[in-house]
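First the structure, in the form of structure tokens, and then the observations on it.
Chain letters run A, B, ... following the sequence lines, proteins first and then strands; every chain starts at 1.
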Number of protein chains: 4
Amino acid sequence: MTVRVAVAGASGYAGGELLRLLASHPGVEVGAVTAHTSAGRPLGSVQPQLPQLADRILLDTSADSLRGHDVVFLALPHGQSAALAAELEPGTLIVDCGADFRLRDPAAWERFYGSSHAGTWPYGLPELPGARDELKGALRIAVPGCYPTAVTLALFPAYVAGLVEPEAVVVAASGTSGAGRSLAPRLLGSEVMGSMSPYGVGGGHRHTPELVQNLSLAAGEHVTVSFTPTLAPMPRGILATCSARLRPGIAATGRDDEARAAFGAAYADEPFVRLLPPGQWPSTAAVLGSNTVQVQIAVDPDARRLICVSAIDNLTKGTAGGAVQSMNIALGLPERLGLPTNGVAP
Amino acid sequence: MTVRVAVAGASGYAGGELLRLLASHPGVEVGAVTAHTSAGRPLGSVQPQLPQLADRILLDTSADSLRGHDVVFLALPHGQSAALAAELEPGTLIVDCGADFRLRDPAAWERFYGSSHAGTWPYGLPELPGARDELKGALRIAVPGCYPTAVTLALFPAYVAGLVEPEAVVVAASGTSGAGRSLAPRLLGSEVMGSMSPYGVGGGHRHTPELVQNLSLAAGEHVTVSFTPTLAPMPRGILATCSARLRPGIAATGRDDEARAAFGAAYADEPFVRLLPPGQWPSTAAVLGSNTVQVQIAVDPDARRLICVSAIDNLTKGTAGGAVQSMNIALGLPERLGLPTNGVAP
Amino acid sequence: MTVRVAVAGASGYAGGELLRLLASHPGVEVGAVTAHTSAGRPLGSVQPQLPQLADRILLDTSADSLRGHDVVFLALPHGQSAALAAELEPGTLIVDCGADFRLRDPAAWERFYGSSHAGTWPYGLPELPGARDELKGALRIAVPGCYPTAVTLALFPAYVAGLVEPEAVVVAASGTSGAGRSLAPRLLGSEVMGSMSPYGVGGGHRHTPELVQNLSLAAGEHVTVSFTPTLAPMPRGILATCSARLRPGIAATGRDDEARAAFGAAYADEPFVRLLPPGQWPSTAAVLGSNTVQVQIAVDPDARRLICVSAIDNLTKGTAGGAVQSMNIALGLPERLGLPTNGVAP
Amino acid sequence: MTVRVAVAGASGYAGGELLRLLASHPGVEVGAVTAHTSAGRPLGSVQPQLPQLADRILLDTSADSLRGHDVVFLALPHGQSAALAAELEPGTLIVDCGADFRLRDPAAWERFYGSSHAGTWPYGLPELPGARDELKGALRIAVPGCYPTAVTLALFPAYVAGLVEPEAVVVAASGTSGAGRSLAPRLLGSEVMGSMSPYGVGGGHRHTPELVQNLSLAAGEHVTVSFTPTLAPMPRGILATCSARLRPGIAATGRDDEARAAFGAAYADEPFVRLLPPGQWPSTAAVLGSNTVQVQIAVDPDARRLICVSAIDNLTKGTAGGAVQSMNIALGLPERLGLPTNGVAP
């Protein structure tokens, strides 16, 4: 069986990464590739890294272009997915890389996105408890944000195991592709290289409510997340440094036995999560281009905090790889199919 | 009056930065430059960025080479300063860029450095309350570590003003020069570029006790610091993202009036600290090569935390610039003399 | 049929890239992985980007470890392949990523490498005329150097077609992984980032005689090559900017019809060479992690020169990918098997 | 005497660098700073690296804003200088960082810039023979382009000494700030980092006629220049790798005595040119933020070419530093005044 897929938003970074993965996915045939301002141009002129598909002509992003596929991936600006999804055949699997259908709480959506809530779709983070059941056979999937992928996988086993208090502090560094291909002065190479800077400080980043949602579900109580994203001088990658105070009664001896057991159990059978051996720390370079998440933990006995660090490729596991992984599950394909676990390093 | 200065450890990154600043300092004449394995070579062969001093021959690092100067800067590996300092003339101003004399608590020294404590010298962070008085006329100065400089200046006004609880969480990104010129595989360009990774996680970094010391003094009570340093793909710069929970009774409305007032008061007359206007965030690029610290703050109303971010050049304000600033104060020279405030950007 | 392969030198950058490709190669089973100083350690501790093979223990690089495989890849320092190869079973396919067997002229070897010449093996650049015939069924393959791969593929069709004079000028920029994992100060991240610098200027680089050999064979006469390699602030990639004067009688009108026809013919059926459409130029980012070569040409009518530019990933097409491509041909496997053509960008 | 200067185009990269230098220039007082779309904003919001001038309000770029200064620096898009210059007081020293007045040949201007030629001003490259005489007392100065600065200083002594043939081949790598602050997709950090790519290949770059002009003047005959610029993953710096065939009769023994003598003589008294000792090669990092040019040469005995390499900071010696150096000469100030020779490295 070959699944015929379309990619809307094929001229952006998420769209390009989707096509990189899908073009070598053995169960998939790439159909329509669509774009907005680049419609009519060959894909090779906007995604020169994809010679396999270089001569494909970008169609206009519309329901007409996207109909007739088994799967449609949407890699569109936030707020554009709902209207387009409504026009597609009901039996099509729609995998939305945008934010529109991630949040359960309409009020959170409205506060952070300023528009009315479109709804909630099954959440494409298979590593969460129960997620695979929800994804199997699903026809609508909301792919998590890149930061929520990294942070949730760094922290949720600690909340499931009741190790830490419901106040998480997260500082994450992201490569510039996380901001997309938009022409903002702060994203110019001249500004970015050699520079680290924060943005959306104080809870303003739109991924904050998604973090709160995920960790609260894991904890079974409301978790606050102090989230500071920073822009790092690299094209790809997220390093999430997360911590929370150990609950009273949890040992803080400098060893991390309880935490390691909890994370070990959570990730024992996960094909894409690698809990590193003690002493080895995640690096974004090690996961470049792969769907792997590197996770490591440590207990700070003086500060009585558990520190959990994860590294992902924001475009692969953080977006396109996570999307393909969820598609595989939804369609009953082997979950690893078409997804590299080895990174391109150095 | 021209002050005659020597630099021990002139072949390293801190030594090179000291010489860059001292060579253009109008009150200074550069005397001996010394090194260990590079002794006998011209400075230009190891510090090609310093044509002004290219033909100087590196002497062996020894008391013989360093005697006869008004000021001696030590930029040596930790643990080597005390013995050398003991051999110099008592009237010489010795400015130690190493860690040996920074800590007040011998137990903290022994725990983190594993040797016996050499003593405590006046601490070269002039922006701390009372520090300038201690530095005026001093003959011994311990230059702060680069992380402690960034973190202390990001946080201490909040502790002085009693705004936050004594549990700080710090995640800082540093350029690779912070690790010195040592030939470690993890510092190779191939490993570093495109990569973010943490190290010394869980309280293990040697700058942790210095952070605790500084913030505890500001708070008037013991402050714990959960400190995670990360290595960023840039040669220079530290971005310190620091936060702590607001004390009960401190408003958390999303505005930051109280905190802004506290920081504004602390830094109103500081020549090298720039509290940025609201909405503008620090970046390491903006302070490259300068002695400036950029600071910005925000209140997260949901997490009830104050987030304080600072950016410095780890080699300038974080090491050599801070050293020269302290020297200026000690000698009664204008504090700004020879110290650039404008950065080299983009 | 599954081919059992071993990799000697698995702790280096070339070895890591070989394993990345081989681990996902559908016709291959990875056997022994060997190293020198890292022997005894798990592969995951030195190649953290390879979770698929993380628990493999590095054996000592010796004939004992390497015997019993169908294919042995050697990724060793220059000069170490011959002795080891002599100890392996005669029927083993040995693919040498080192320089030992690339040159035909013993005098050139001795001049540039300072030791006695070990011999000449079939040359693993399948795109050269006649190369595939020589590689089919071969039991010994010398993988080209990374620069020679990039430069030869940029220029050789112009020499085959008789378009240019036998004096090529080449300036190539390489990412730092081209220098291997050696701990040299000039390869530290602090030195490399933000910096471009040349090395081996004036014909001293060891790849020069290989360039001369390849282009002379294509031209049917001796070609001189002025070759200047430069170190660029990126982990991977080679951009080779090559040029030569047009022969008298070749039109130089600013159009490039003759040259484009020659390159078009040479590369029409090549699976890994992409002659870009007019107006689009190679970039190393576009080929990252792929076995693709991007090539573009232009005629400068004023200088009467043909400028030929190519981009490769030095570790993939420039080393490990080229090695696997040649192995595929030698073993009669489909040439593209296990080799990505799409790059990881941005 | 304090000279009152204005900077038009203060929101761009060249303007920012001019202000960095002028703000610490002991003979200068910074007056009006002007911009186009950023007019009305404080300088600190667009040039956060300049705390010394952060509160200055950007005026509109107009003759009204710029009148009443001793010196006006123009850092405007090409083609905008002539009209503005015509409106300023005749006695004002105007230093134009744009291209408008660099070329002597109106036909070359029209071919490369597509508009009518505005004229020719004294050329601000003091190191060229006779240039200082022309600059002394000048009221109009055309600052050279960044590539022409690097390439001319790498090559002209070879042409003055008659060592090489009149066909130069130049491949230069530039940091992204050379392209200015324009919002082009190819200048995004995500596209630039990890990537090298050429542009303007085949003689199309607008700096080509300026290179031809400079080298032809030095040679006393027409010199063709095959010029390929490449974009390098760094914010600043130009590394120019230049070569030309040795004239018949010039020895090519692998030593470089004749060439070294010629370059040594040309640069013996130059305050900003450093001919490196044999064996040491230029790097852009070593000149970051400084007005220094590093130059090195080698003879390739096989290719019979002289290879000349230079490194500059494109914004300092390549633009703003060269402009201030010329201003100093024009006004009779010490040539080095306010110009750093030591770079910010690592």
>> Heavy-atom cut-off 4.5 Å, strictly under: side chain, backbone, both or neither for A:Ala298 against chain B?
In response: side chain
>> To check you understand the geometry: which heavy-atom pair defines the closest contact between B:Ile307 and A:Gly202, and what is its length?
In response: CD1-CA, 4.0 Å
> Side-chain contact, heavy-atom cut-off 4.5 Å: A:Met196 with B:Met234?
Replying inline: yes
> Do you know which of B:Pro346, B:Pro198, B:Ala232 has the most heavy-atom pairs with chain A at a distance under 4.5 angstrom?
Replying inline: B:Pro198
> If you count heavy-atom pairs under 4.5 Å between each of A:Leu306, A:Val225, A:Val201 and chain B, which one has the most?
Replying inline: A:Val201
Please tabulate, one pair per line, the donor and acceptor atoms of chain A and chain B that lie under 3.5 Å from each other, or say none if there are none.
residue, atom, partner, partner atom, Å
B:Arg111, NH1, A:Asp302, OD2, 3.0
B:Arg111, NH2, A:Asp302, OD2, 2.9
B:Glu167, OE1, A:Arg245, NE, 3.3
B:Glu167, OE1, A:Arg245, NH2, 3.4
B:Glu167, OE2, A:Arg245, NH1, 3.1
B:Gly194, O, A:Thr284, OG1, 3.2
B:Ser195, OG, A:Ala285, N, 3.2
B:Met196, N, A:Thr284, OG1, 3.0
B:Met196, O, A:Thr284, N, 3.1
B:Arg245, NE, A:Glu167, OE1, 3.3
B:Arg245, NH1, A:Glu167, OE2, 3.1
B:Arg245, NH2, A:Glu167, OE1, 3.4
B:Thr284, N, A:Met196, O, 3.1
B:Thr284, OG1, A:Gly194, O, 3.2
B:Thr284, OG1, A:Met196, N, 3.0
B:Ala285, N, A:Ser195, OG, 3.2
B:Asp302, OD2, A:Arg111, NH1, 3.0
B:Asp302, OD2, A:Arg111, NH2, 2.9

> Of the backbone (N, CA, C, O) and the side chain (C-beta and beyond), which part of B:Ala173 lies under 4.5 Å from a heavy atom of chain A, both, or neither?
Replying inline: side chain
